[in-house]
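Heads up, the thing below is written out as structure tokens.
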Amino acid sequence: RLRQPELLDDELASKLSTVLPRTSRVPDHWRPMHGDLSPWNLRRGRDGSFLIDWEDATWGPPRADRVYFSITGHAALGGPAPSWGPADDEAREYWRAVITARSGGDEDSATQERLLTILG
């Protein structure tokens with residue numbers, strides 16, 4: 001269960017660090033992340049909001065979940081266009097690489113292209 005949206009990164013990292021193995025190939029500053037944090041993976045219940053769909057949980061650069069949530073929300077729901085700062089650069093590059101790798105011939109290729117455009 002998620003309590004405060006502004007604490008999302010820290011809460012996810014704290015919970016996932018106990019169950020995700022950290023290999024020697026993971027950069028020291030990377031954090032555990034959900035890996036598919038998107039509006040459709042959040043559910044609201046009587047006791048708060050819940051995050052589902054954990055099979056993509058992994059280690060990634062700081063702010064990676066926030067960046068992905070921003071681009072998917074904008075692409076799918078017309079949410080506000082993301083405003084990027086220097087703290088987002090590594091996460092944006094991470095998602096460019098991930099999305100590009102999964103785009104080949106996929107039925108969601110138009111969505112993937114839209115995500116890449118939003119990333120800039």
Side-chain angles (χ1 to χ4, degrees):
R1 194 176 115 225
L2 304 174
R3 289 182 285 282
Q4 297 177 331
E6 64 273 8
L7 300 176
L8 181 62
D9 283 348
D10 290 336
E11 187 171 353
L12 286 175
S14 173
K15 291 179 186 301
L16 288 171
S17 66
T18 64
V19 295
L20 278 179
R22 182 184 198 111
T23 68
S24 60
R25 295 174 14 175
V26 173
D28 290 339
H29 69 286
W30 280 23
R31 302 166 45 108
M33 65 178 208
H34 181 269
D36 189 17
L37 187 59
S38 54
W40 46 89
N41 285 335
L42 289 172
R43 300 290 188 267
R44 182 170 287 165
R46 184 177 21 193
D47 297 327
S49 297
F50 297 86
L51 186 55
I52 63 168
D53 194 16
W54 290 90
E55 72 264 9
D56 292 323
T58 189
W59 292 82
R63 301 179 61 86
D65 274 334
R66 288 185 198 191
V67 166
Y68 195 72
F69 188 82
S70 295
I71 65 172
T72 56
H74 183 66
L77 305 174
S83 173
W84 307 119
D88 301 311
D89 289 350
E90 184 180 18
R92 289 172 60 212
E93 187 57 39
Y94 170 86
W95 284 115
R96 276 189 208 102
V98 169
I99 292 167
T100 299
R102 69 181 180 203
S103 291
D106 187 80
E107 67 216 31
D108 288 333
S109 61
T111 300
Q112 305 303 346
E113 286 302 316
R114 183 154 166 77
L115 294 177
L116 290 170
T117 298
I118 295 166
L119 280 168

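Separating the CH2 atom in Trp40 from the CG atom in Asp53 is a distance of 10.5 Å, to the nearest 0.5 Å. Atom CZ of Arg96 is separated from atom CD1 of Ile71 by 9.5 Å, given to the nearest 0.5 angstrom. The distance from the CG atom of Leu115 to the OG atom of Ser70 is 11.5 Å, given to the nearest 0.5 Å. Atoms CE and CG, from Met33 and Leu37 in turn, are 9.5 Å apart once rounded to the nearest 0.5 Å. Put simply, CG on Leu12 and OG on Ser17 are 10.5 Å apart, with the number rounded to the nearest 0.5 Å.
Heavy-atom minimum distance, Val26 versus Arg22: CG1-NH2, 3.9 Å. Minimum heavy-atom separation, Ala91 to Pro61: CA-CG, 3.8 Å. Across all their heavy atoms, Leu20 and Ala57 have their closest contact at CD2-O, 3.9 Å. Between Asp65 and Gly35, the closest heavy-atom pair is OD1-N, 3.1 Å.
A donor-acceptor pair under 3.5 Å is formed between the side chain of Thr72 and the backbone N or O of Phe69. Within the 3.5 Å criterion, the main-chain N or O of Thr58 finds no donor-acceptor partner in the side chain of His34. Side-chain atoms of Trp54 come within 3.5 Å of backbone N or O of Leu51 as a donor-acceptor pair. Judged by distance alone, with hydrogens and angles left aside, the side-chain atoms of Ser14 form no donor-acceptor pair with the main-chain N or O of Asp10 at under 3.5 Å. Side-chain atoms of Trp95 come within 3.5 Å of backbone atoms of Ala64 as a donor-acceptor pair (strictly under, hydrogens ignored).
Two residues are said to be in side-chain contact when any heavy atoms from C-beta on lie closer than 4.5 Å; Thr111 and Arg114 fail this criterion. For the pair His74 and Pro82, the minimum side-chain heavy-atom distance is below 4.5 Å. Tyr68 is listed as a side-chain neighbour of Asp36, based on a closest heavy-atom distance under 4.5 Å.
Trp59 does not carry Arg31 over the face of its six-membered ring by the limits of under 6.0 Å from the centre and within 45° of the normal.
Every pair passing side-chain hydrogen bond (donor to acceptor under 3.5 Å, both in side chains) that includes a residue from residues 77-91 is listed here, sequence neighbours excluded: His29-Glu90, Trp30-Glu90, Arg63-Asp88.
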